[in-house]
Each structure stands twice: as C-alpha cells, then as structure tokens.
Amino acid sequence: MLDLKWIRENPQDFDAAMKRRGLPPQSDDLLGTDRNWRDTQTHLQDMQARRNAAAKEIGKAKASGGDAEVLIREVAELKDETQRFIKVERDLQEILDTKLSGLPNILDADVPDGADETENVELRRVGDAPSFNFEPKEHYELGEALGLMDFATAAKLSGSRFVVTSGQIARLERALGAFMLDVHTLEKGYLEVSPPVMVRGSALYGTGQLPKFEEDLYKISDDQYMIPTAEVPLTNIVSESILVESDLPKRFTAHTLCFRSEAGSAGKDTAGMLRQHQFTKVEMVSITTPDQSQAEHERMTACAEDILKRLGLPYRVVVLCSGDTGFGARKTYDIEVWLPGQNSYREISSCSNCGDFQARRMKARYRPEGEKGTAFVHTLNGSGLAVGRTLIAVMENYQQADGSIRIPEVLVPYMGGVTEICAA
RNA sequence: GGUCGGUUGGCAGAGUGGUUGAAUGCGCCGGUCUCGAAAACCGGUAAGGGUGCAAGCCCUUCGAGAGUUCGAAUCUCUCACCGACCGCCA
C-alpha cells in the first residue's frame with residue numbers, strides 16, 4: 001500500500017514511479033476520488049458534530065429537569081441525512097482503497113530499468129562451476145537412476161508437479177533444511193519459528209498476495225489458504241501491532257512447506273522437481289526501522305549466500321530489473337545457483353526489501369524513540385534457501401561418473417556420517 | 001460439533017444507557033531531589049482521519065458487522081477469535 005499523503009504531495013513522482021512499472025499515469029483519477037472522499041468526509045463530520053453537541057445538550061436539559069423536545073426533534077431530522085452520508089463516505093473510501101491496494105510498490109532509484117528477466121543485472125559470481133569428465137545429468141535422471149526419486153508414483157497419488165523422494169535423497173532434503181536453520185539461528189541471529197501453513201485472507205492481503213494474485217494460491221476454505229511462502233505468516237506476526245524501537249530489527253526464520261498452484265506456468269519446467277505445487281523452503285524475514293532496511297537487505301542476502309558458499313555451490317547474484325521486480329518489493333536480489341545438468345543458473349533465493357509497503361497493509365508500526373506518535377516498520381523477506389532447489393543443486397554439482405552423489409562436507413553430520421549416495 | 005464464560009489503551013485491569021476516549025496499576029517520557037543513579041514525589045502519555053499557515057477545532061474507534069435510542073464500551077442480533085468443560089479424533 002502506498003502512502004496517499006505522499007501521492008497528494010508528489011503526483012508527478014507518483015506517475016513516474018508507476019510508469020517504471022509499466023502502468024499509465026493515474027494521479028488525476030486517484031486524487032479526484034480522494035478530493036471527493038475528503039469533501040464528503042468533511043461534510044459528514046460537520047453533521048456528526050452537530051448531532052453530538054445536541055445530544056449533550058439534551059442530556060444536560062434532562063438532568064436539570066428541562067424540556068428537550070425541540071432539540072430531540074431537530075436531531076431526529078438530521079438522522080436520515082447523516083445515515084446517507086455515512087454510506088456515501090464509506091463507498092468512496094472503499095473505491096479509493098481498492099485503487100490503492102492494487103498499486104505496486106515504488107521501486108528503489110537504483111533498480112535498473114528493463115522489461116523482463118532478460119534485463120536483470122548480474123552483480124557478482126561466486127564459486128567455480130565444477131568440471132566433469134563425463135556428461136553431467138539432470139537431477140531427475142540421477143534421482144530416478146538411484147531409485148530414490150519417483151515422479152510416476154507422485155503423479156498417481158497427486159497429479160503433475162509432485163515427487164516422491166525416499167531413502168538418502170529424502171534424508172538429504174531434511175539435512176539441508178536442518179543445516180540452513182542451524183546457520184540462521186545459531187550464527188545469524190534469526191529466531192526459529194514454526195508457523196501455520198494455512199492462513200486467513202487478511203494475512204495474504206498484508207503481504208500483498210491478495211487481492212491481485214489469488215489464482216496462484218490454494219484456497220482451502222471460505223477464508224483459509226495454503227501459504228505460498230513462509231513470508232506470509234512470518235511477516236504477519238507483527239501485523240496490527242506497535243513495536244518498541246529497541247526491539248528492532250526482529251529476525252524470523254522458518255522451514256515450512258509452501259504451496260503454489262503454478263497457474264499460468266503450464267509447460268514451464270515440467271521435468272523434475274524444479275517447479276512443484278508443494279516444496280519446502282527456509283525463509284528469512286526481518287522487521288526493521290526505515291533507517292535499517294537497506295543494510296538489512298544486504299545482510300539478509302549475505303546470509304543466503306553464506307549457505308551456498310558452505311555447501312560449495314557456485315552461484316551468481318542478480319538485481320531484478322524494473323519489469324521483473326515483484327508487486328510488493330522496492331528492490332530484489334535473486335541468487336541463482338549453477339545447475340550443471342541444465343548448464344545454467346537457476347533461481348534458488350529471492351531477497352526483497354519491501355520498505356513500508358507491507359507494513360501499511362498490515363498496520364505494523366513502531367514508536368520512534370524521542371518522537372511523538374508511530375511510524376511504519378520496514379519489512380524484508382528472503383529465501384535462505386529454497387530447500388528443494390538446493391537438493392537439486394547438490395545432486396547436480398556433486399554427481400559422479402557412476403551416478404552416485406557426494407555429500408558436501410558440512411552436511412555429513414546431518415546425514416549421520418554418510419558421505420555418498422549410491423544406488424541401493 | 002455442544003454448553004458456558006470472555007474479547008476495553010504498549011501491558012494488566014475497572015467500567016451495565018448520558019459531559020467516559022474511558023478509573024487504577026505497570027511501562028514509557030519530562031521534572032523535583034542527588035556528585036550521579038535508585039527510591040520517593042510532581043506532571044505528561046491511545047490510534048487513525050478531516051480541517052487549518054498555525055495554535056487549535058472536529059470526526060471515528062472499547063473484537064467485526066447490523067440494530068434499538070435524541071444519545072451505546074454499556075441493551076438486542078449475527079459473525080470471528082480466545083478460554084473452560086463435554087463429545088469426537090490425532
């Protein structure tokens with residue numbers, strides 16, 4: 001949600017910002033509705049003020065045994081008109097709200113312009129792609145050959161975009177999640193959280209998935225959805241609250257299942273477990289003051305990168321261009337891991353600074369020290385990392401000529417001492 | 001699923017129709033005292049919005065919505081959530 005006051009004061013900047021998002025200028029339309037709404041509100045409040053004053057006088061008159069007949073009749077006559085204006089005012093506010101809540105966040109000045117993901121800008125590459133003296137395979141070829149990854153059975157059980165893993169591959173996924181959580185909680189200061197994976201619509205509105213992106217979600221009851229990412233429950237922990245500045249930043253992490261309908265991605269990444277309806281992810285969320293959020297964004301990205309470094313996986317970091325940056329984000333870094341089987345870099349983490357965009361929607365505030373009143377917090381979220389995709393990356397980068405897979409050293413303790421996954 | 005009880009400011013917790021936006025305590029901010037601090041004492045302290053150059057004035061909000069009334073935190077209805085017990089299940 002954007003700040004309406006800011007739009008009032010900076011209509012040109014607002015239109016320019018929307019243009020970067022590929023949207024037409026709309027300050028005139030928006031501010032027209034706003035003007036209308038405020039005029040209505042002013043008028044309504046005048047009527048309410050008169051009514052309140054009269055009601056008080058009636059109280060006084062009755063207390064002193066006087067006659068209040070005239071006043072009572074006057075107020076009764078005001079009533080219908082007041083009721084009508086309440087409705088008009090409410091409708092206008094709803095129209096304004098609908099318009100505002102459909103607007104994407106303002107991009108940071110240093111986000112590069114561009115139409116789509118082909119214009120994202122690479123910032124750095126870390127680690128060397130492994131060299132093989134054989135043709136590296138894709139993860140699903142390796143997994144199926146090992147007998148530990150079964151897409152046919154998953155299709156029988158659940159349909160497309162699911163997988164059944166077993167044995168050491170299943171364990172490897174569990175090991176990865178545990179390893180990531182340990183790093184974030186023991187070394188990076190994140191609080192481990194085990195949140196619900198079903199949430200109300202209001203939580204999804206808070207983080208910006210609703211109302212625009214409902215088709216991407218699994219809806220399971222009147223007002224409950226499966227989470228597409230733990231960003232939703234973790235960030236909404238602070239919704240509708242006023243935090244103490246000295247408690248910031250707050251850092252949360254969680255290892256959860258995520259559910260995505262993948263509507264509109266038919267035919268994309270259909271082979272293997274790169275794009276599933278259900279997958280696990282370790283998520284990081286930070287709640288900060290406005291001053292802290294930029295540095296926190298870099299820090300969070302570094303936390304995600306550190307996992308890849310320790311796993312010995314080569315990757316690159318890109319900053320998303322204007323056309324590829326998500327609805328709620330000001331600026332997003334994607335981390336892409338090298339997949340030898342695909343001979344390309346693929347997204348494994350996305351770290352976004354949302355500024356106060358989500359905080360406004362969910363009414364998450366704090367009290368700035370030494371100032372009166374409250375201010376909105378800033379929120380950030382990042383994958384640290386997508387566990388399913390990390391599993392893929394480990395398999396492909398650590399594969400050997402015979403189809404076995406070495407276990408990265410840091411994971412061996414999590415694998416109960418196993419150093420290699422071989423065919424049974 | 002059933003019955004009963006609850007939902008009030010940052011927190012705890014009064015308040016059953018009239019000047020209550022809301023007692024009191026805690027917390028927080030400022031002051032007195034002190035070399036400084038603690039304690040004690042004094043004062044201040046809800047959020048959101050409209051209007052105004054400003055001081056200020058005004059509106060809304062006591063879980064949400066609808067209703068009764070000149071007037072609702074207080075009465076009625078619906079819903080949500082929390083708690084207790086019962087039933088069922090892990």
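Chain identifiers are assigned alphabetically (A, B, ...) following the order of the sequence lines, protein sequences preceding nucleic acid strands; residue numbering begins at 1 within each chain.
In this structure, Glu240(A) atom CD and rA64(B) atom P are separated by 10 Å, rounded to whole Å. Computed from coordinates, the Asp39(A) CG to rC59(B) P distance equals 19 Å when rounded to whole Å. The distance between atom CZ of Arg367(A) and atom C1' of rG48(B), rounded to the nearest whole Å, is 13 Å. Spacing between atom NZ of Lys5(A) and atom P of rU51(B) amounts to 10 Å, rounded to whole angstrom units. Whole-Å rounding puts the Asp247(A) CG to rC11(B) C1' distance at 13 Å. Atom pair Trp37(A):CH2 and rG48(B):P shows a separation of 14 Å (rounding to whole Å applied). The CD1 atom of Ile86(A) sits 13 Å away from the C1' atom of rU61(B) (whole-angstrom rounding). Across the protein-nucleic acid pair, Lys87(A) atom NZ and rA66(B) atom C1' stand 14 Å apart, rounded to whole Å.
rG56(B): Watson-Crick or G-U partner is rU51(B), with both key distances under 3.5 Å. Summarising the base pairing, rA46(B) is matched to rU61(B) through a Watson-Crick or G-U wobble pair whose two defining distances lie under 3.5 Å. Remark: rC75(B) base-pairs with rG67(B). Criterion, Watson-Crick or G-U wobble with two distances under 3.5 Å. Using N1 to N3 plus N6-O4 or O6-N4 for Watson-Crick, or N1-O2 and O6-N3 for G-U wobble, each under 3.5 Å, rG1(B) pairs with rC86(B). When both pairing distances are held under 3.5 Å, rA37(B) makes no Watson-Crick or G-U pair with any nucleotide shown. The base-pairing partner of rG17(B), taking Watson-Crick or G-U wobble contacts with both distances under 3.5 Å, does not exist among the strands shown.
Using a 4.0 Å cut-off between a side-chain N of Lys or Arg and a carboxylate O of Asp or Glu, Arg260(A) and Asp216(A) do not qualify as a salt bridge. Between Glu262(A) and Arg161(A) there is no salt bridge, since no side-chain nitrogen of the basic residue lies less than 4.0 Å from a carboxylate oxygen of the acidic one. A salt bridge does not link Glu245(A) with Arg367(A): none of the charged nitrogens is closer than 4.0 Å to a carboxylate oxygen. Salt bridge status for Arg365(A) with Glu240(A): absent, with no side-chain N to carboxylate O gap under 4.0 Å.
The phosphate of rG65(B) (OP1 or OP2) has no side-chain N or O of Arg90(A) nearer than 4.0 angstrom. Of the side-chain N and O atoms in Arg8(A), one or more sit less than 4.0 angstrom from OP1 or OP2 of rG50(B). Contact annotation: Arg50(A) side-chain N/O to rC70(B) OP1/OP2 distance is not under 4.0 Å. For Asn52(A), a side-chain nitrogen or oxygen approaches OP1 or OP2 of rU60(B) to under 4.0 Å. Phosphate proximity of rG48(B) to Thr374(A): present, with a side-chain N or O under 4.0 Å from OP1 or OP2. OP1 or OP2 of rU51(B) lies within a sub-4.0 Å distance of a side-chain N or O belonging to Arg38(A).
Heavy-atom nearest nucleotides on RNA chain B were determined for Asp34(A) and for Arg200(A), and the one closer to the 5' end corresponds to Asp34(A). RNA chain B is contacted by both Phe376(A) and Ala55(A); Ala55(A) maps to the nucleotide lying nearer its 5′ end (nearest heavy atom per residue).
Nucleotides rG6(B) and rG63(B) have their P atoms positioned 13 Å apart, rounded to a whole Å. Across rG1(B) and rC79(B), the matching P atoms stand 12 Å from one another, rounded to whole Å. When the C1' atom is compared between rG21(B) and rG48(B), the two are found 13 Å apart, to the nearest whole Å. The P atoms of rU8(B) and rC82(B) are separated by 14 Å, rounded to the nearest whole Å. The C1' atoms of rC81(B) and rC75(B) are separated by 23 Å, rounded to the nearest whole Å. Going from the C1' atom of rA22(B) to that of rU45(B) covers 15 Å, rounded to whole Å. Rounded to a whole angstrom, the distance from the P atom of rU7(B) to that of rA64(B) is 13 Å. The separation of rG10(B) from rG5(B), taken at their C1' atoms, amounts to 27 Å, rounded to a whole angstrom.
Using cut-offs of 30° and 60° for the angle between ring planes, the His297(A) and Tyr333(A) rings count as parallel.
Donor-acceptor pairing under 3.5 Å is lacking for the side chains of Glu420(A) and Gln168(A).
At least one donor-acceptor pair closer than 3.5 Å links the side chain of Gln399(A) to the backbone N or O of Glu396(A).
Ala54(A) comes within 4.0 angstrom of nothing in the nucleic acid, heavy atoms only. Heavy atoms of Arg35(A) sit under 4.0 angstrom from primed sugar atoms or phosphate atoms, though from no base atom.
For Gln48(A), the side-chain atoms get nearest to rC59(B) when compared with the rest of rG50(B), rU51(B), rC59(B). Among the nucleotides rG49(B), rU51(B), rG48(B), the one closest to the side chain of Arg365(A) is rG48(B). With distances taken from any side-chain atom of Ile242(A) to the nucleotides rA80(B), rG10(B), rG49(B), the minimum falls on rG10(B).
The shortest heavy-atom contact between Phe14(A) and Leu103(A) is CZ-CD1, 3.7 Å.
The base of rG49(B) is paired with the side chain of Gln45(A) by a donor and an acceptor separated by under 3.5 Å.
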